[in-house]
S.K.: 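Structure in structure tokens, see below.
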Number of protein chains: 2
Amino acid sequence: MVFKKRRVKLEDIARKLNISIATVSRALDKNPRVKKSTQEKVFKTAEEMGYMPNQIAKSLSSGKTNIIGVLIPRYDEPFFIEVCRGIDQYARNHNYKILISSSRNSYQFEKENLISFERGLVDGIILSPTHETENVAHLNDLTSKGMPMVLFDNIREEVSGADHVMIDDIKSSFDAVEFLIKKGRKKIAFIGGIKQKKVFQDRFTGYKSALNKYKIPLNEELVLHCNSLDREFEDREILDFFKHLTTTPDAVFTCTDNYGLLAMKTLLKTEKKIPEEVAVIGFGDLGLGEVFVPTLTCVSQPSFEMGQKAAELLIKQLNEPEDILHKKTVVKLETKLTQREST
Amino acid sequence: MVFKKRRVKLEDIARKLNISIATVSRALDKNPRVKKSTQEKVFKTAEEMGYMPNQIAKSLSSGKTNIIGVLIPRYDEPFFIEVCRGIDQYARNHNYKILISSSRNSYQFEKENLISFERGLVDGIILSPTHETENVAHLNDLTSKGMPMVLFDNIREEVSGADHVMIDDIKSSFDAVEFLIKKGRKKIAFIGGIKQKKVFQDRFTGYKSALNKYKIPLNEELVLHCNSLDREFEDREILDFFKHLTTTPDAVFTCTDNYGLLAMKTLLKTEKKIPEEVAVIGFGDLGLGEVFVPTLTCVSQPSFEMGQKAAELLIKQLNEPEDILHKKTVVKLETKLTQREST
DNA sequence: CTGTTAGCGCATTCAC
DNA sequence: GTGAATGCGCTAACAG
């Protein structure tokens, strides 16, 4: 029964009421200059005829789409989804929708997605650059053209004109590792992610400086930088790491929840007692850690809030007068260590 | 689109080259009717001037946005994200983007989101109705207006004009429970989700009919229909369920992976051996089950493929001539039981 | 092969 | 208060 019927438009209801399109438009806009009685007539007729405004036409005419483009490196990472939820919530409350795209960890796809955003579909962009993104010219190019932009997670300070939302990765991991040290742990393993990502570099820095503060020498054997971009391979990589250790760690600090869980899983397989023999701390706190047995202690990152904040900053930019120079703002959100059974 | 600098448009490059806008448009379109040499000039100049087509104007003019609207009940459910990934992949390969929205398990929000889709932003819709959605008039209304639509997951057969993508929930759970029975389990608990969802009703039906086939009486005490829509509360609900049992089950069949993990967690807390004393089967197979210790046996649902299939069906609808009657198609995808350590 | 013209649906300026 | 006219940037039908 699907016949694409022509949509009713302003003109249709104008003709029916014998008034002009302009009046109908104003009436629906609740413009006070329109007589109450006509306004009511218009609303009533619009309702009866099943009028539905055309968003595209509105956008073309107004020059804004009320859509925020969000670009994340991958979908299957709860952290990014959580950030998106935060963005979505704030955006929705401010009459914006979000268009999420994934760059699938590829610099090439990142650029392509950005180009399609630039085609006028979105009013502004929130993104987390991929680890492959060394050159940020494409980002600076966009901001210099006046595209409002907010970066989060894998921050690139070099991008001017964009706001930044971040956490203090160095301090967060420093605190976590210090916590382990204060619990008497000395052989603390580190499992990080792709070295190219600033967040992972920073978390490694925090780890090293905690060791340093307590005069614990860095044992390279206990350090793993996961290179996998895929769940499957992360698994294997971590398994191998533990298998080939000659020193047995008494604690493990990992840069994501998932690494933490995989570490615990591997340790449990080899009959290690957690936390008695080995303590484990993850990073993120996205729900998984609470389900595992034992539950995972971790650095709680305010993912949802990061999204909200990013959306807030972007929408603020969108409301700035066009001819003003945007002043870059950087927001650092707080993390905290959430203690559970693994420590 | 709030660009501080004015964007270059067709007119600009037309003027520069002293040709008409139409020719520029056609040239960029690689229309064979335009001379090779002009085409090249146009491309070169467009490049130099940094021309970027305006997607909104294109859409208004062409009547299509090349955007697929996707409406899911919640973001924080890996199943839905996985389906979205599938949709995204297929859509991308066919020159479509996807606009994901969440109805946050609310019928009201579902309707609101659909209305905003109806405003012309999307060419078609893929959705999983919420459990609250009893009346599907709003969906039939949309399809009858000619909006292409595909439903998945919480299918509502009453929706005419929309294609459906599903799995055989009854058979899948029947098979899983039968598997447990054949392993000698007799006191099989059932943990389902919100009763209003057809998928959960069906999985319960499958459970019951397996018991029935093997003459095992249904013990109501061993049945839980989780009502929580929130991770936090699911946790509590399942904990309570096990706490108050007077019969100890020797197996648990759950309707989601997460329930399965929570069940295992609770059982482990009470020192039960898995699978020796209690076997557990989950439903979904979205990665989490592989991380847990022990790993979770589950019904593997082809989530990604569901998304791909849904996108395929929708795009097929989009390419149908407008004046033709759409023939509703229903696709049923295969599931399989993936055995792991919990059984 | 290329130009002219007429929309697409709505907002908005300028009259009256 | 309301209407007529113009423009948003691009596509497409129709000429030539």
Side-chain angles (χ1 to χ4, degrees), chain A residues 4-43 45-46 49-66 116 118-123 322, chain B residues 1-3 5-43 45-46 49-67 116 118-123 145 322:
Chain A
K4 309 199 177 178
K5 295 181 187 157
R6 202 178 63 73
R7 299 175 54 142
V8 6
K9 47 188 179 182
L10 291 188
E11 192 189 335
D12 299 318
I13 112 164
R15 198 166 29 214
K16 184 151 195 171
L17 257 34
N18 254 317
I19 55 181
S20 75
I21 298 183
T23 303
V24 177
S25 172
R26 282 189 285 247
L28 290 174
D29 235 37
K30 295 215 166 96
N31 186 318
R33 289 188 352 193
V34 171
K35 219 195 319 182
K36 257 281 172 278
S37 64
T38 26
Q39 199 200 81
E40 284 162 11
K41 266 195 312 190
V42 168
F43 267 93
T45 314
M49 300 180 75
Y51 171 72
M52 202 57 82
N54 181 324
Q55 190 56 48
I56 299 294
K58 269 189 155 146
S59 294
L60 181 61
S61 177
S62 70
K64 61 195 306 269
T65 62
N66 276 64
S116 91
E118 195 185 346
R119 280 164 137 74
L121 202 62
V122 304
D123 292 342
E322 307 201 357
Chain B
M1 234 182 7
V2 188
F3 281 97
K5 293 182 188 160
R6 202 180 63 74
R7 301 176 53 146
V8 5
K9 48 187 178 181
L10 291 187
E11 193 189 334
D12 299 317
I13 109 164
R15 198 166 31 214
K16 185 152 194 172
L17 256 34
N18 254 316
I19 55 179
S20 76
I21 299 183
T23 303
V24 178
S25 172
R26 281 188 287 246
L28 291 174
D29 232 40
K30 296 217 166 95
N31 186 318
R33 287 189 351 191
V34 39
K35 222 196 318 184
K36 256 282 174 278
S37 65
T38 24
Q39 199 200 83
E40 283 162 10
K41 267 196 312 192
V42 169
F43 267 92
T45 317
M49 301 181 73
Y51 172 72
M52 202 55 83
N54 182 322
Q55 189 56 47
I56 298 296
K58 265 188 159 149
S59 295
L60 181 61
S61 178
S62 70
K64 62 195 306 268
T65 62
N66 276 67
I67 297 181
S116 92
E118 195 185 346
R119 281 164 136 75
L121 203 61
V122 303
D123 292 342
K145 278 183 182 163
E322 308 203 352

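Naming: A, B, ... by sequence-line order, numbering from 1 per chain.
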S.K.: Do B/Leu10 and B/Tyr51 come close enough that some side-chain heavy atom pair is under 4.5 Å?
M.R.: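 Sidechains of B/Tyr51 and B/Leu10: in contact.
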
S.K.: Do A/Val34 and A/Val42 have side chains that approach each other closer than 4.5 Å (heavy atoms only, starting at C-beta)?
M.R.: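 No, their side chains stay 4.5 Å or more apart.
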
S.K.: Of the residues in residues 9-21 of chain A, which ones touch DNA chain C at a heavy-atom distance under 4.0 Å?
M.R.: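 Listed by number, they are A/Lys9, A/Leu10.
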
S.K.: Report yes if at least one side-chain N or O of B/Thr23 is closer than 4.0 Å to OP1 or OP2 of C/dG3; otherwise report no.
M.R.: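 Yes, because at least one side-chain N or O of B/Thr23 sits under 4.0 Å from OP1 or OP2 of C/dG3.
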
S.K.: Is the shortest heavy-atom distance from the side chain of B/Ile56 to the side chain of A/Leu121 under 4.5 Å?
M.R.: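 B/Ile56 reaches A/Leu121 side chain to side chain.
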
S.K.: Using a 4.0 Å heavy-atom cut-off, does A/Ser61 contact any base of the nucleic acid, only the sugar-phosphate backbone, or nothing at all?
M.R.: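 Result for A/Ser61 = base.
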
S.K.: Nearest 0.5 Å, please: how far is OG in B/Ser61 from CG in A/Leu60?
M.R.: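 Output value for this atom pair is 9.5 Å.
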
S.K.: Can you tell me the distance, in whole Å, between the CD atom of A/Gln39 and the P atom of D/dT2?
M.R.: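 So the two atoms are 10 Å apart, to the nearest Å.
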
S.K.: Mapping A/Thr38 and B/Ala57 to their closest nucleotides on DNA chain D, which lands nearer the 5' end?
M.R.: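 Upstream on the strand: A/Thr38.
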
S.K.: Taking atom CE of A/Met52 and atom NZ of B/Lys145, what is their separation to the nearest 0.5 Å?
M.R.: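 Spacing of CE (A/Met52) from NZ (B/Lys145) equals 4.5 Å.
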
S.K.: Is a side-chain N or O of B/Arg26 found less than 3.5 angstrom from the main chain of B/Arg33, in a donor-acceptor match?
M.R.: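 Flag not set: sc B/Arg26 to bb B/Arg33 has no pair under 3.5 Å.
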
S.K.: To the side chain of B/Val34, which of D/dC10, C/dT2, C/dC8 is closest?
M.R.: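 Ranking D/dC10, C/dT2, C/dC8 by closest atom to the B/Val34 side chain puts C/dT2 first.
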
S.K.: Let me know the distance between CD of A/Gln55 and C1' of D/dC8, rounded to the nearest Å.
M.R.: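 Computing the A/Gln55:CD to D/dC8:C1' distance gives 14 Å.
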
S.K.: B/Asn66 CG to D/dT11 C1': how many Å, rounded?
M.R.: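 From B/Asn66 CG to D/dT11 C1': 14 Å.
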
S.K.: How many whole angstroms separate atom CG of A/Asp29 from atom C1' of C/dG9?
M.R.: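 Whole-Å distance recorded here is 14 Å.
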
S.K.: Can you tell me how far apart CG (A/Leu28) and OG1 (A/Thr45) are? Round to the nearest 0.5 Å.
M.R.: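 One gets 9.5 Å once the value is rounded to the nearest 0.5 Å.
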
S.K.: What is the distance, rounded to the nearest whole Å, between atom CG of B/Asn31 and atom P of C/dG3?
M.R.: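 My rounded result for the distance is 13 Å.
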
S.K.: Atom NZ of A/Lys58 and atom C1' of C/dT12: how far apart are they, to the nearest Å?
M.R.: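 To the nearest whole Å, that distance equals 14 Å.
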
S.K.: If you assign each of B/Ser62 and B/Lys36 to its closest nucleotide in DNA chain C, which residue comes earlier from the 5' end?
M.R.: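 Upstream on the strand: B/Lys36.
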
S.K.: Report all interatomic pairs (protein N or O, nucleotide N or O of nucleotides 13-16 of chain D) with separations under 3.5 Å.
M.R.:
unit_1 : atom_1 : unit_2  : atom_2 : d
D/dA13 : N6     : B/Arg26 : NH1    : 3.3

S.K.: Out of curiosity, B/Gln55 CD to A/Ser59 OG, how far, rounded to the nearest 0.5 Å?
M.R.: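 Between B/Gln55 CD and A/Ser59 OG, I get 11.5 Å after rounding to 0.5 Å.
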
S.K.: Is the shortest distance from a Lys or Arg side-chain nitrogen in A/Lys36 or A/Glu40 to a carboxylate oxygen in the other one below 4.0 Å?
M.R.: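 Salt bridge between A/Lys36 and A/Glu40, a charged N being under 4.0 Å from a carboxylate O: no.
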
S.K.: Using whole Å, what does the distance between atom P of nucleotide C/dC8 and atom CG of B/Leu60 come to?
M.R.: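 Taking CG of B/Leu60 and P of C/dC8, I get 9 Å after rounding.
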
S.K.: Categorize B/Ser59 for me: base, sugar-phosphate, or nothing, with a 4.0 angstrom heavy-atom threshold over every strand shown.
M.R.: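 If one applies the 4.0 Å heavy-atom cut-off, B/Ser59 turns out to touch nothing in the nucleic acid.
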
S.K.: When the distance from CD1 of B/Ile56 to C1' of D/dT11 is rounded to whole Å, what number comes out?
M.R.: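 Atom CD1 in B/Ile56 sits about 15 Å away from atom C1' in D/dT11.
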
